[in-house]
Amino acid sequence: MDQGTRGELISRLAEAIRSVTTAHPLRVAIDGPPAAGKTTLADELAVVLRAQNRDVIRATIDDFLFPRAQRYRRGQYSAEGCYFDAHDHAALCRVLLDPLGPGGDRRFQHAVYDRDTDTPSSLPATTAPADAVLLFDGVFLLRPELIDRWDLRIFVSVPFEQTVDRARDRGTALAGSTADTAEIERSWRNRYIPSQQLYFATARPTDHADIIVYNDQLQRPTWEVRPHSSIHRI
């Protein structure tokens, strides 16, 4: 276990990425519960890698959602619906992870869904350089359907209770009021946290992570490289 500043963590993660060699773009999963800080971490890492002249592809699971009617067909607060019905993993593999993987042609799309309009999106394909890095953040990324598609697996760990607090603070900041606090709390307690508990019970994501980032202290994170990881010790 190592602990350091935020900048030290990002530098160590960039080091880990440099230590992994593939003959195709490097596909990095940044997994973890909602409000754990995955997107922020991926964005910070992208800045550092680009400064090192790496070509970075940023993408997120939110751009691979099924339409709202399908996501909530079991009910607005269904944990099973959140885990089983929310994300189009087949499309994710077809247009992004497989093209960037072994034997792929590197022609990829980073989204298939527009959340603002709740409609499919059709973006033109882009060709990635062979040494590009895909930084992909989202929930449930280390589940069986996806586990073998990643070349480096990072799990951002935060106590579930703390994610509720962060979600509440984030919602209040965005809305400028506390009007939605009760709805956020209900969604977290009934849908998001139970779906994560289901994920942990069935997929055991931390067992498959190469690196775990303990992100409860944002400016003084702790991290570890798992013993099974092929990454050089950082």
Side-chain angles (χ1 to χ4, degrees), residues 1-20 26-54 56-62 133-142 150-176 178 181 184-185 187-189 192-197 199-200 203-234:
M1 290 277 260
D2 295 295
Q3 185 175 40
T5 65
R6 190 80 188 166
E8 287 170 338
L9 166 65
I10 301 303
S11 294
R12 299 301 188 274
L13 294 178
E15 237 178 277
I17 285 172
R18 285 197 302 273
S19 77
V20 181
L26 186 70
R27 302 163 298 174
V28 181
I30 301 176
D31 190 17
K38 305 178 297 299
T39 301
T40 299
L41 181 68
D43 287 343
E44 291 170 332
L45 187 53
V47 170
V48 169
L49 292 173
R50 286 170 176 149
Q52 297 171 352
N53 296 317
R54 290 297 295 266
V56 176
I57 303 162
R58 274 290 286 119
T60 177
I61 197 67
D62 288 346
V133 177
L134 169 66
L135 297 179
F136 192 93
D137 70 270
V139 294
F140 311 139
L141 300 185
L142 305 187
W150 307 111
D151 306 300
L152 182 64
R153 306 172 185 114
I154 300 170
F155 190 90
V156 183
S157 178
V158 174
F160 290 146
E161 198 59 37
Q162 192 171 351
T163 70
V164 180
D165 295 336
R166 288 185 184 178
R168 193 187 301 114
D169 293 343
R170 184 171 63 188
T172 300
L174 290 173
T178 58
T181 298
I184 290 170
E185 180 107 15
S187 294
W188 244 254
R189 304 244 180 246
Y192 298 128
I193 290 178
S195 71
Q196 286 290 318
Q197 292 168 332
Y199 177 41
F200 270 73
R204 303 180 67 86
T206 55
D207 288 355
H208 302 291
D210 298 303
I211 302 171
I212 299 180
V213 175
Y214 298 94
N215 207 34
D216 46 318
Q217 297 184 61
L218 293 173
Q219 299 310 316
R220 291 289 296 175
T222 302
W223 60 90
E224 64 173 318
V225 176
R226 304 311 300 277
H228 68 262
S229 173
S230 60
I231 301 165
H232 300 312
R233 190 76 191 164
I234 56 173

Check side chain to side chain donor-acceptor pair (under 3.5 Å) between [X] and all other residues, then give those that pass, not counting sequence neighbours.
X	answer
Asp216	none
Asp165	Arg168
Ser195	none

Angle class for the Phe136/Trp150 ring planes (parallel below 30°, perpendicular above 60°, tilted otherwise)?
-> tilted
Testing the basics here: between [X] and [Y], what is the closest heavy-atom pair and its distance to 0.1 Å?
X	Y	answer
Ile30	Leu141	O-CD1, 3.7 Å
Pro194	Trp188	CD-O, 3.6 Å
Ala59	Leu134	CB-CD1, 4.1 Å
Ile212	Arg226	CD1-NH1, 3.0 Å
Val56	Arg50	O-NH2, 3.2 Å
Phe160	Gln197	CE1-CG, 3.9 Å

Val158 meets the side-chain contact (heavy atoms from CB on, under 4.5 Å) criterion, sequence neighbours left out, with Ala36, Gln162, Thr163, Arg166, Asn215
Measuring from atom [atom1] of [X] to atom [atom2] of [Y], what distance do you get when rounded to the nearest 0.5 angstrom?
X	Y	atom1	atom2	result
Leu135	Leu45	CG	CG	5.0 Å
Ile17	Arg54	CD1	CZ	7.5 Å
Leu49	Gln52	CG	CD	5.5 Å

Report yes if some heavy atom in the side chain of [X] is under 4.5 Å from a heavy atom in the side chain of [Y]; otherwise report no.
X	Y	result
Thr5	Arg220	yes
Tyr192	Ser187	yes
Pro34	Val139	yes

Just by distance, with hydrogens left out, do Tyr214 and Gln3 show a side-chain donor and acceptor under 3.5 Å apart?
-> no
N/O donor-acceptor pair under 3.5 Å between Tyr199 side chain and Leu142 backbone = yes
Ignoring hydrogens and angles, tell me if any N or O in the side chain of Arg153 forms a donor-acceptor pair with the backbone of Asp210 under 3.5 Å.
->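 Such a contact is absent between Arg153 side chain and Asp210 backbone.
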Pair listing, side chain to side chain donor-acceptor pair (under 3.5 Å) test, anchored in residues 32-42, at least two apart | Thr39-Asp137
All salt bridge (charged side-chain N to carboxylate O under 4.0 Å, His left out) counterparts of Arg189, not counting sequence neighbours |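 Per chain and number, Arg189 pairs via salt bridge (charged side-chain N to carboxylate O under 4.0 Å, His left out) with Glu161, Glu185.
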Step-by-step side-chain contact (heavy atoms from CB on, under 4.5 Å) determination, Gln219 to Leu9 | CA-CA 10 Å; Gln219 299 310 316; Leu9 166 65; over 6 Å; no
